[in-house]
Amino acid sequence: MNSCTVLAVDDEVYNLETIERILHGKEGFFFLKTNDPKEALNIIRQETVHIIISDQRMPGMSGIDLLKRVFQVSPDTIRVVLTAYPDLQEVIEAVNLGHIYGYITKPYNPEDLFVFIQQARKYYELCTENKFLVEQLKQKNRQLEKSNEELKKLDELKNRFMLIASHELRTPATIITGSLELLSMQEEEFSEYQQNILRNALKGAFRLNEIIESFFTALRLEKDPDRLNKSHFDVQEMIQLLINRFEPHLKTRRLELQTRIEERLSLEADRGKLYLVFDNLLSNAIKYTPDGGKIVIGGYRKDQQVIIYFQDNGIGIPSEELERIFDTFYQLEDLKFHHSSRFEFLGGGAGLGLALCRRIVEAHRGRIWVESAGDGQGSTFFISLPRTTN
Ligand code: ADP
């Protein structure tokens, strides 16, 4: 604040002169005075008054009544009452009700009054700064709300695009896979070279189907997260099914796999969807662990939860990425370093697997998270699911 305007109101001119003397020569203060409360209101209407000091007992209007009206005209003006001891109770009430900032009892020491005025000035500055900050905050909030709306729209657009794309791709992909499968039934009629091409084409077609299906599942879950087809099943059995499926890839990559699952650990959940979660976590563990590495699948009960984890000693995940890898399409590595096969070291993917896992786990009112000590330190993915029956 460059200059602080102080307006004093008192029917006794002598009192006004006392305050004038106190402020005389004090840098940064501009002094106004009147012995008429109505005149005080006129001044306030016409110019910015930072502090008003009014006597409580005046003919026609009490100090508190004047200051209440000042508040209506200029709410930012700091309102102070000068009062004699007998009126103290009424004045304190006015402070408590927020009608005035404070009071000074008469007789007062001129230095104390000056200190009080300086405090009132600081308070005015603080209030102004607060107002400015609150306004800035409100503006930022409005901007955030707008950005959020735009993001939501973009997200909807992305979903629509994915839905249309996967829908349009589904039929031709099925036709390609079916035709290649038909061809491979007569494999012996082809040369070794042709058979190789056919096998590669079939592998690619299966992968294409897998990706399109994961798009579909993700979108369907987003639209209807609660649509779960629950049944009761044994965790060890399901993990064994999974291991049988992955056995050839584990062998090719010389990966050691251990299971540490508590006996008779069971779940009541959507079996098909959870299989998809386990499938994603194991294929990631395979993909992100170099040849000769080790993977552990474990499961145990903890309070009312079942915890299942997939631990690998692979490439690990930097701490700042631990949350973000669950976002749709999020991948840490540059796509160009990906191999095309899903089970090779750093094999390719669509960056959808973990987003899908999170949706499925959360639809079951569970939680999925990852722990990793960083680059080259391996990762452990945990799933915690409510043990609805056991
Ligand atoms: P992707 O299809 O790329 O594997 P995911 O959603 O399954 O997509 O995983 C997202 C990213 O999380 C991966 O691209 C990878 O960077 C990281 N990630 C997932 N699992 C592991 C793991 N076991 N070890 C290290 N990084 C992993």
Side-chain angles (χ1 to χ4, degrees), residues 1-139 141:
M1 193 195 303
N2 293 335
S3 166
C4 174
T5 303
V6 179
L7 170 64
V9 194
D10 200 315
D11 56 317
E12 301 219 18
V13 176
Y14 171 77
N15 289 339
L16 291 174
E17 285 168 357
T18 310
I19 303 177
E20 189 168 19
R21 265 199 305 280
I22 291 172
L23 287 178
H24 181 75
K26 298 287 190 306
E27 213 184 300
F29 285 98
F30 179 66
F31 185 68
L32 295 171
K33 61 185 176 189
T34 172
N35 59 359
D36 177 4
K38 287 199 181 116
E39 173 63 16
L41 282 170
N42 278 338
I43 296 174
I44 294 255
R45 278 192 197 99
Q46 281 160 21
E47 54 188 294
T48 306
V49 171
H50 302 102
I51 302 169
I52 177 166
I53 303 171
S54 170
D55 186 35
Q56 167 63 351
R57 285 197 185 183
M58 293 183 293
M61 200 187 295
S62 78
I64 291 175
D65 284 339
L66 166 67
L67 295 181
K68 277 192 210 167
R69 290 170 73 171
V70 166
F71 174 70
Q72 279 155 11
V73 180
S74 164
D76 292 342
T77 302
I78 305 295
R79 302 169 307 278
V80 180
V81 156
L82 278 175
T83 180
Y85 192 73
D87 297 328
L88 205 52
Q89 195 52 41
E90 193 186 346
V91 171
I92 290 174
E93 242 169 62
V95 175
N96 289 338
L97 289 171
H99 293 149
I100 59 173
Y101 163 75
Y103 62 89
I104 301 153
T105 45
K106 294 193 280 193
Y108 55 81
N109 179 327
E111 275 166 23
D112 288 348
L113 180 67
F114 184 60
V115 170
F116 192 92
I117 292 175
Q118 277 178 314
Q119 279 173 353
R121 178 183 183 168
K122 278 221 173 74
Y123 183 70
Y124 183 94
E125 284 168 352
L126 264 178
C127 290
T128 316
E129 202 178 314
N130 267 355
K131 254 176 116 178
F132 174 70
L133 288 176
V134 168
E135 201 34 61
Q136 264 194 334
L137 211 69
K138 276 188 190 160
Q139 213 175 324
N141 253 350

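Keep in mind that the numbers below use all heavy atoms, side chains included, and drop hydrogens, waters and symmetry copies.
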Inset, instruction - Look up atom CG in Leu67 and atom CG in Leu41, then write down how far apart they are to the nearest 0.5 Å. - result: 9.5 Å
Legend entry - Distance (rounded to the nearest 0.5 Å) between Gln72 CD and Ile44 CD1: 12.5 Å
Legend entry - Neighbour count above 12 (heavy atom, 6.0 Å) for Lys106 NZ: yes
Legend entry - Sequence-distant partners of Tyr123, ring-ring contact (aromatic ring centres under 6.0 Å, His included), two or more places apart: Tyr101
Legend entry - Note, Tyr103 side chain near Ile64 side chain (heavy atom, < 4.5 Å): no
Donor-acceptor contacts under 3.5 Å from residues 20-31 side chains, at least two apart:
from: Glu20; atom 1: OE1; to: Lys33; atom 2: NZ; distance (Å): 2.7
from: Lys26; atom 1: NZ; to: Ile22; atom 2: O; distance (Å): 3.1

Inset, instruction - For Gln136, look at atom CD and say whether over 12 heavy atoms of other residues, nucleotides or ligands are found less than 6.0 Å away. - result: yes
Inset, instruction - Answer whether the closest heavy-atom distance between the side chains of Leu82 and Asn15 falls below 4.5 Å. - result: no
Legend entry - Considering all heavy atoms, the nearest Val81-Gly63 contact: CG2-C, 4.4 Å
Inset, instruction - Apply the test side chain to side chain contact (heavy atoms under 4.5 Å, CB included) to residues Ile117 and Ile53: give CA-CA distance (whole Å), side-chain angles for both, the deciding distance (0.1 Å), then the verdict. - result: CA-CA 9 Å; Ile117 292 175; Ile53 303 171; 3.7 Å; yes
Inset, instruction - Decide side chain to side chain contact (heavy atoms under 4.5 Å, CB included) for Thr48 and Thr5; before the verdict, give the C-alpha distance in whole Å, the side-chain angles of both, and the deciding distance to 0.1 Å. - result: CA-CA 7 Å; Thr48 306; Thr5 303; over 6 Å; no
Legend entry - Sub-4.5 Å side-chain heavy-atom contact between Pro59 and Asp11: yes
Inset, instruction - Using a 4.5 Å cut-off on heavy atoms from C-beta on, say whether the side chain of Gln119 contacts that of Val115. - result: yes
Legend entry - Exam field: side chain Ser74 to backbone Val70, donor-acceptor pair closer than 3.5 Å: no
Inset, instruction - Could you walk me through whether Ile104 and Val80 pass the side chain to side chain contact (heavy atoms under 4.5 Å, CB included) test, one step at a time? - result: CA-CA 8 Å; Ile104 301 153; Val80 180; 3.9 Å; yes
Inset, instruction - Taking side-chain hydrogen bond (donor to acceptor under 3.5 Å, both in side chains) as the test, write out the residues that go with Asn35, two or more places apart. - result: none
Legend entry - Arg57 side-chain N/O to Asp55 backbone N/O, donor-acceptor pair under 3.5 Å: no
Inset, instruction - Identify whether the distance between the nearest side-chain nitrogen and carboxylate oxygen of Glu135 and Lys131 falls below 4.0 Å. - result: no
